Amino acid sequence: DHCRQFTAVQSCDPDVCSKIKWTKFKDTGSNPPRDKCYLQIAVNKWDPDVCNRIQGWPLSYTKDGCIGDVGNKLLSSAIEKDDINGCLALKKIPTKYAECTGKLATPEKIKSWDNKIDETIEALKKDPDNKDLKKELDRLKKEKQTKYELMTDAERSAYMSEKRKEIMSGVEDDDVA
């Protein structure tokens, strides 16, 4: 059974886990080695759906614990990399999704994205044929849009209000007819 568990985890194949029989816990109705196998694969694949295969029961691992472990891994990675797409991968785990979007889809984060976009546009002015810069600009704009859409209405309103003030700061009343 340990060999099957090792093989399953190394190959990230949850179907191999289902072949793990553990008679030691037969009377409890649980199979901790099989459940642990599913948990390890779920965490390694960053896939909370694998957690649904866990039976649980006394003395074993739980679906909720597994989903929490996967969620923590996805959340940490998304925040560390400032990756809004990592937040989207957490949609199946509502509490982690809310925490992630609450940290990454904010007016402050959008402003930092605005700066990155401006820097990339300036670099493109110097090298207009640079395909990598064009791809980077497209990526930045898409991620900014995703972050913007994930903000609350109040956050979007605050962001737009600040942008409006920024734009209008250089405009004098005499400039407006």
Side-chain angles (χ1 to χ4, degrees), residues 1-114 116-117 132 135-156 159:
D1 283 340
H2 284 101
C3 290
R4 280 197 178 120
Q5 186 183 65
F6 178 82
T7 301
V9 171
Q10 294 302 310
S11 65
C12 283
D13 184 356
D15 291 332
V16 177
C17 296
S18 65
K19 297 175 183 161
I20 296 174
K21 308 289 184 231
W22 195 262
T23 56
K24 204 175 193 182
F25 293 92
K26 186 178 178 184
D27 294 339
T28 67
S30 68
N31 187 334
R34 181 175 52 218
D35 290 343
K36 181 180 182 181
C37 183
Y38 291 133
L39 176 128
Q40 289 177 319
I41 290 172
V43 170
N44 290 348
K45 288 179 71 174
W46 303 41
D47 183 358
D49 289 337
V50 176
C51 298
N52 291 325
R53 294 183 172 201
I54 292 178
Q55 287 180 326
W57 298 96
L59 307 174
S60 192
Y61 300 86
T62 66
K63 289 178 189 178
D64 289 342
C66 177
I67 289 169
D69 288 352
V70 174
N72 288 336
K73 187 173 182 178
L74 287 167
L75 178 64
S76 295
S77 176
I79 291 171
E80 180 182 315
K81 296 176 183 175
D82 195 18
D83 177 16
I84 198 66
N85 292 315
C87 291
L88 297 176
L90 286 164
K91 274 193 164 186
K92 294 178 182 176
I93 310 170
T95 56
K96 300 295 181 191
Y97 175 74
E99 184 178 348
C100 192
T101 57
K103 290 183 179 184
L104 297 186
T106 64
E108 295 77 24
K109 291 289 185 177
I110 297 286
K111 285 185 232 168
S112 81
W113 238 238
D114 286 339
K116 291 176 185 179
I117 288 170
D132 291 335
K135 284 180 187 176
E136 178 65 4
L137 181 60
D138 286 343
R139 183 189 71 77
L140 289 169
K141 286 180 176 181
K142 285 177 187 171
E143 284 202 28
K144 176 189 172 187
Q145 183 62 34
T146 301
K147 287 182 180 200
Y148 180 80
E149 290 169 3
L150 292 173
M151 286 193 301
T152 65
D153 289 340
E155 289 172 322
R156 281 196 295 273
Y159 169 76

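Throughout, residue positions are numbered sequentially from 1 according to the sequence presented. What you see is a predicted model; the values in this text were computed from it and never measured.
- For Lys73, the NZ atom sits in a packed shell: over 12 heavy atoms of surrounding residues, nucleotides or ligands are nearer than 6.0 Å.
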request  = With side chain to side chain contact (heavy atoms under 4.5 Å, CB included) as the test, would you mind laying out the steps for Leu104 and Asp82 before giving the verdict?
outcome  = CA-CA 7 Å; Leu104 297 186; Asp82 195 18; 3.2 Å; yes

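- Separating the SG atom in Cys17 from the CG atom in Asp35 is a distance of 9.5 Å, to the nearest 0.5 Å.
- Salt-bridge formation is not detected for the pair Asp138/Lys135: no Lys NZ or Arg NE/NH1/NH2 atom is positioned less than 4.0 Å from an Asp or Glu carboxylate oxygen.
- Here the closest heavy-atom approach between residue Pro14 and residue Tyr38 is recorded as O-CE2, 3.2 Å.
- Ser60 and Gly56 get closest at one heavy-atom pair: CB-O, 3.3 Å.
- Note that CG of Leu39 and CD1 of Ile67 are 10.5 Å apart. Values are rounded to the nearest 0.5 Å.
- Judged by distance alone, the side chains of Asn72 and Lys96 do bring a donor and an acceptor atom under 3.5 Å apart.
- Only one option out of Ile79, Leu74, Thr101, Thr146 pairs with Cys87 in a side chain to side chain contact (heavy atoms under 4.5 Å, CB included); it is Thr101.
- Using a cut-off of 4.0 Å between Lys/Arg side-chain N and Asp/Glu carboxylate O, Lys147 and Glu143 are scored as not salt-bridged.
- Proximity of a side-chain donor or acceptor of Arg34 to a complementary backbone N or O of Lys19 within less than 3.5 Å is not detected.
- Between Lys92 and Asp47 there is no salt bridge, since no side-chain nitrogen of the basic residue lies less than 4.0 Å from a carboxylate oxygen of the acidic one.
- For the atom pair Arg156 CZ and Ile110 CD1, the distance stands at 10.0 Å (nearest 0.5 Å).
- Checked options Ile93, Ile84, Leu90, Leu88; the residue passing with Cys100 is Leu90 (criterion: side chain to side chain contact (heavy atoms under 4.5 Å, CB included)).
- For the atom pair CD of Gln55 and OG1 of Thr62, the computed distance is 13.0 Å after rounding to the nearest 0.5 Å.
- Among all heavy-atom pairs drawn from Lys63 and Asn52, the shortest one is CE-O, 3.4 Å.
- With hydrogens and angles disregarded, no donor-acceptor distance shorter than 3.5 Å links the side chain of Asn44 to the backbone of Cys12.
- Between Trp46 and Val70, the closest heavy-atom pair is C-CG1, 3.7 Å.
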task = Decide salt bridge (charged side-chain N to carboxylate O under 4.0 Å, His left out) for Asp15 and Arg53; before the verdict, give the C-alpha distance in whole Å, the side-chain angles of both, and the deciding distance to 0.1 Å.
result = CA-CA 10 Å; Asp15 291 332; Arg53 294 183 172 201; 3.0 Å; yes

request  = Could you walk me through whether Arg139 and Glu136 pass the side chain to side chain contact (heavy atoms under 4.5 Å, CB included) test, one step at a time?
outcome  = CA-CA 5 Å; Arg139 183 189 71 77; Glu136 178 65 4; 2.8 Å; yes

request  = Test Gln40 against Gln5 for side chain to side chain contact (heavy atoms under 4.5 Å, CB included), laying out the working first.
outcome  = CA-CA 9 Å; Gln40 289 177 319; Gln5 186 183 65; 4.2 Å; yes

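- Contact record, Ile41 with Ala8: CD1-O, 3.5 Å, taken as the closest heavy-atom pair.
- Using modelled atom types and a 3.5 Å distance limit, the side chains of Asp69 and Tyr61 yield no donor-acceptor pair.
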